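Convention: sequence-line order gives letters A, B, ...; per-chain numbering from 1. Source: prediction; values computed, not measured.
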Number of protein chains: 2
Amino acid sequence: MSDTLTIVTWNINSIRARIDLFGMMTKKLRPDVVLLQETRVTDGSFPLKTMHRRGFKHTALNGRGGHHGVAILSKVPLDDVRIDIIGGIDQSRHVSAVVDWGGPARLHSLYVPSGGDEPDVETNEKFRQKLEFVDGMLEWGQSAVGERAIVAGDFNIAPYPSDVWSHRQLLDVISHTPAETDRLENVRASQGWVDVVRRDRPEPQEVYTWWSYRNKTWPGSNRGRRLDHIWASPSLADSVREIDVLREARGWEKASDHVPVVARIER
Amino acid sequence: MSDTLTIVTWNINSIRARIDLFGMMTKKLRPDVVLLQETRVTDGSFPLKTMHRRGFKHTALNGRGGHHGVAILSKVPLDDVRIDIIGGIDQSRHVSAVVDWGGPARLHSLYVPSGGDEPDVETNEKFRQKLEFVDGMLEWGQSAVGERAIVAGDFNIAPYPSDVWSHRQLLDVISHTPAETDRLENVRASQGWVDVVRRDRPEPQEVYTWWSYRNKTWPGSNRGRRLDHIWASPSLADSVREIDVLREARGWEKASDHVPVVARIER
DNA sequence: GTCTTAATAG
DNA sequence: CTATTAAGAC
């Protein structure tokens, strides 16, 4: 173990269907801790043996059935595993655990609801739930930000103009509507979370972590969005360095539509 | 083209899922004509381009949707393609075509219904249909046997004691019940078809062409059955030589539960 | 487009 | 156990 702790967050879109891609990712990035979203597997069927074989001996799981599901795989010990219900939505969208890295630091794997197709809370229950989830983060994050903490995962929101391939064309598309981006930015700013990716690659740099499966938008037209995020609490933010987006993973055989995002934490 | 025409019959259990195994088979056996069953694909989605690339430029298809389906792939011209409805059961279970091999010879690819689980015509509609299909072969085969002809395929019946791993234990198991074996043997004998596999490997030699996916019966316990057959009309039988069962195919990665059966026809 | 589950078939 | 289809989710 060196003097940096390498953390990866990745919406892997089924850990079972992409267990080999998980291996390719670890070979490439050598992470100490991996925060996964959309594992799509109940805890009992999670491929723990494979993970152990690959050195991830410490795990925190929160999966249930074919949808959603989050997990933390770690080479360093995980303490005080916790599952939080955010915004009253009980759907395996959060798990966290504490690592000892220059003192305790809590790592949260977060999976915000996607929100369906129509950005209308009246007609689209899923969109309403998504907003409720982000509203729920207002209270939830208030206590989380008080620790040395990282919140990382698929937020399903691209908050800034350079987080999408076309700000104008996506203003009415779920993930980039003001109803979402305003709420998310309010959570972040009011609590003091540092969006470390944007800190190191400030606007108007384009940063994307997701490219749709539908339409062959990748890599040609590059119609991506930055849906995956790493937030650091103020007390930890200065130790977070070397942010990276593993863009090439979108081109792998049988790729996830999301790519891994990496950060390294100094001790 | 040499002086023998190599014919293979194979229940491939999805041509799309096993297109690579089809290639392995052809590399191994170098067939001129392949009679397939359980192709599980509509004609429009049949991988014709791949077949053409591999030299099978002449095809006769009868598939419709996710189940059943038969086909003939050939390196030599196919004439007078015909689809017969046998026993009134219209389920893509037959296709035939004529090759010119020392005169015209009709090759039939046949897929007899499996028959479900309970050997009871009262409670099991599928079993009733299976018996109706074999009864239908009585009339159908009468005209077929008048030509120089091969009828090959998955008959889903193991007619003789040495066609199953335990005659006694399978007497009440569909594929080896007297209701089936008596009917099939009656069709064969009354019309004069030559079961060329049994002619060359007479009882009590064990010959199996199928090993179940359920339970790991292969290769250890060798609980197989001879469900796939090659029958020759009297006028052609003497030209049929070098029967072989490609047993090793059951051990291939992602194998079909049936293995290819080969015959060579002299000109 | 790419997964999941479930039902259905073999 | 190994396929298929269909629905639903993302």
Q. Hey, what's the ring geometry for B:His108 with B:His94, parallel, tilted or perpendicular (30° and 60° as the breaks)?
A. tilted
Q) Is the B:Phe155 ring parallel, tilted or perpendicular to the B:His229 ring (thresholds 30°, 60°)? A) tilted
Between [N] atom [atom2] and [X] atom [atom1], what is the distance in whole Å?
X: A:Glu180; N: D:dC10; atom1: CD; atom2: C1'; value: 14 Å
X: B:Trp210; N: C:dG10; atom1: CH2; atom2: P; value: 13 Å
X: B:Asp228; N: C:dG10; atom1: CG; atom2: C1'; value: 13 Å
X: B:Gln91; N: C:dT8; atom1: CD; atom2: P; value: 16 Å
X: B:Arg40; N: C:dT8; atom1: CZ; atom2: C1'; value: 10 Å
X: B:Arg16; N: D:dA3; atom1: CZ; atom2: P; value: 12 Å
X: A:Ile174; N: D:dC10; atom1: CD1; atom2: C1'; value: 11 Å
X: A:Ile15; N: C:dT2; atom1: CD1; atom2: C1'; value: 16 Å

Q. Could you give the distance from CD1 (A:Ile19) to CD1 (A:Ile12), rounded to the nearest 0.5 Å?
A. 7.0 Å
Can you tell me which nucleotide in [options] comes closest to the side chain of [X]?
X: B:Tyr111; options: D:dA3, C:dG10, C:dC3; value: C:dG10
X: A:Arg93; options: D:dC10, D:dC1, C:dA9; value: D:dC10
X: A:Ser14; options: D:dT4, C:dG1, C:dT4; value: C:dT4
X: A:Tyr213; options: D:dA3, C:dG1, C:dG10; value: C:dG1
X: A:Arg18; options: C:dT2, D:dA3, C:dG10; value: C:dT2

Q.
Given the structure, check if the side chain of A:Arg214 and the base of D:dC10 hold any donor-acceptor pair shorter than 3.5 Å.
A. yes
Q. Is the Lys NZ or Arg CZ of B:Arg223 less than 6.0 Å from the centre of B:Trp165's six-membered ring, within 45° of the axis?
A. yes
(Q) Base, sugar-phosphate or nothing for A:Arg64? Non-hydrogen atoms, less than 4.0 Å. (A) nothing
Q: May I ask you to verify if any side-chain N or O of A:His68 is less than 4.0 angstrom from the OP1 or OP2 atom of C:dT4?
A: no
(Q) Looking at C:dT2, I'd like to know if its phosphate oxygens (OP1 or OP2) sit under 4.0 Å from a side-chain N or O belonging to A:Lys254. (A) no
Q) If only atom types and distance count, is the side chain of A:Thr209 paired as donor or acceptor with the main-chain N or O of A:Leu227 below 3.5 Å? A) yes
